[in-house]
Amino acid sequence: MDMLTYLKEKEHKAELMQTYYALPKEELENEVFRIKKQLGERLFIPGHHYQKDEVIQFADISGDSLQLAQLSAQNTAASFIVFCGVHFMAETADMLTTKQQKVILPDMRAGCSMADMATLDQTNTCWLTLKDLFGDTVMPLTYVNSTAAIKGFVGKHGGATVTSSNAKKVVSWALQQKQRLLFLPDQHLGRNTAYDLGVSLSEMAVWNQQKNQLEYQGDYQNIKVILWKGFCSVHENFTVDNVENIRAEEPDRFIIVHPECRFEVAQRADYVGSTKYIIDMITEAKPGTSWAIGTEMNLVKRLQKQHPDKNIISLNPYMCPCLTMNRIDLPHLLASLHAVSENRSYHQISVDPETTMWAKQALNKMLILS
Ligand code: 13P
Ligand code: SF4
């Protein structure tokens, strides 16, 4: 697309969105209901737990990234999958569904800063260095919070994807296959998981993708896990101070955090687990118990509403929602549904066949192990 067409299209989209933003909420909601009814089973709306309430109320299923991947793979009835989550999740849905099914992301700006921290070029450079250092002893694993290209790389080299809810299973499988593993792109999930499985911190190195350098003090032959130096800009905001403040002021309050939190935070928490684990723990907790949760704010607020009999706060009192997840809102959802109902091409996420073929090897390995 030339620059002029691109700018015109951008301007047009911005103008179009302004008209949606000007509509009253009730009108937007009624229109979403109408289109959902009109399209019936031809339309499938998966929604990640971090989505806003105004969006999640319309989701046919809500789930964590593993559940959304599994359910997308199972759905063969829908022609249109309007994915309420972030870009890498929509890519995964596209790769796990049939060619005829179209996956649409209501706002193309809904990315994931962590997924953007590992590019294919950087990964190739890292891999060459690791080959020189360790020969054929490294198994690559990638958190699903990564681009399709990275999943493709991992699939091509015999590895698998992981999510926060199956990380232990997949990492222990990988450690049985090869002497060491490269874990992309979230150092914290990698470190927390490997440590829980008995790998000591002295057996973990960090790959610095900015400097193309392995950060490790000691004999390289002792390295079992190489952690990519990526992180989640939301979960990194939970600090040791947050934990210590709660411990000092309210020693009876349980602390539960997502494994994307830093190692020092995870070590000091009472419970560490995926989005699904956090939801299940809070749901099953006794009435009257108090909880500080270290995860995304839309989810924490929803849990507060759903469990008025429990005292729930965010582990960090100044926490914000995941801004890129929040790009998907009611006006963007409706704009994409209008496009779908008129069969107009709009924000389709389509991964090329070669990448899909390799990435599916990594995804399917994970789905089998889950
Ligand atoms: P889950 O795998 O727990 O759904 O997490 C996805 C995510 O983006 C967490 O930040
Ligand atoms: Fe990415 Fe973090 Fe947002 Fe999850 S919470 S989508 S990892 S930026």
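In each ligand, atom 1 is the first atom listed, and ligand 1 is the first ligand listed.
Of the charged side-chain nitrogens involved, none lies within less than 4.0 Å of a carboxylate oxygen, so that E264 and R262 do not count as a salt-bridged pair. One finds no salt bridge joining E244 and R247 here, because no Lys/Arg side-chain nitrogen approaches an Asp/Glu carboxylate oxygen to under 4.0 Å. Taking 4.0 Å as the cut-off between side-chain N and carboxylate O, K305 and D53 count as a salt-bridged pair. A salt bridge between K36 and D60 is present, with a side-chain N of the basic residue lying under 4.0 Å from a carboxylate O of the acidic one. Under 4.0 Å is where a charged nitrogen must lie from a carboxylate oxygen, and between K25 and E29 at least one such pair does. At a threshold of 4.0 Å, the pair D136-K178 counts as salt-bridged, since one of the basic side-chain nitrogens sits closer than that to a carboxylate oxygen.
Annotation: atom 2 (O) of ligand 1 to nearest protein heavy atom, S65 OG, 2.5 Å. The protein atom (non-hydrogen) at minimum distance from atom 8 (O) of ligand 1 is N145 ND2, 3.0 Å. For atom 3 (O) of ligand 1, the closest heavy atom belonging to the protein is T275 OG1, 2.5 Å. In this structure, the protein non-hydrogen atom closest to atom 6 (C) of ligand 1 is H48 NE2, 3.7 Å. Protein heavy atom in closest approach to atom 2 (Fe) of ligand 2: C232 SG, 2.3 Å.
Counting heavy atoms of neighbouring residues, nucleotides and ligands inside a 6.0 Å radius, atom NZ of K301 does not exceed 12 of them.
At a heavy-atom distance under 4.0 Å, no atom of T295 approaches ligand 1. Residue contacts with ligand 2 for E260 involve side-chain atoms from C-beta outward but no N, CA, C or O (heavy atoms, distance under 4.0 Å). If you look at H49 next to ligand 1, there are no close heavy atoms at all, none under 4.0 Å.
Heavy-atom distances between M114 and ligand 1 stay at or above 4.0 Å for every pair. Y143 counts as a contact of ligand 1, since one of its heavy atoms falls under 4.0 Å from the ligand. Residue C232 places every heavy atom at 4.0 Å or more from ligand 1.
A donor atom on one side chain and an acceptor atom on the other are found under 3.5 Å apart for E215 and N208.
Under a 4.0 Å criterion applied to the non-hydrogen atoms of Y50, ligand 2 contributes the atoms 5 (S). Near D64, meaning under 4.0 Å from one of its heavy atoms, ligand 1 places the atoms 4 (O). Within ligand 2, the atoms closer than 4.0 Å to a non-hydrogen atom of N145 are 4 (Fe), 7 (S), numbered from 1 in the order shown. Against a heavy-atom cut-off of under 4.0 Å, Y50 is close to the following atoms of ligand 1: 7 (C), 9 (C), 10 (O).
Among the atoms of C322, an N, O or S atom is found under 2.8 Å from atom 3 (Fe) of ligand 2. The nearest N, O or S atom of C112 is closer to atom 1 (Fe) of ligand 2 than 2.8 Å.
Taking the ring centroids of F263 and Y195, they lie under the 6.0 Å cut-off.
Atom CG of N237 is separated from atom SG of C320 by 7.5 Å, given to the nearest 0.5 angstrom.
Nearest residue to atom 5 (O) of ligand 1 from H258, H235, K276, M325 is H258 (criterion: closest heavy atom).
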- Going through the distances and angles, do H258 and Y277 end up as a ring pair (Phe, Tyr, Trp, His ring centres under 6.0 Å)? CA-CA 9 Å; H258 193 280; Y277 172 86; over 10 Å; no
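Between W291 and F254, the ring planes lie tilted relative to each other; the angle falls in the 30° to 60° range.
Considering backbone and side-chain N/O of E260, one or more are found under 3.5 Å from N/O of ligand 1.
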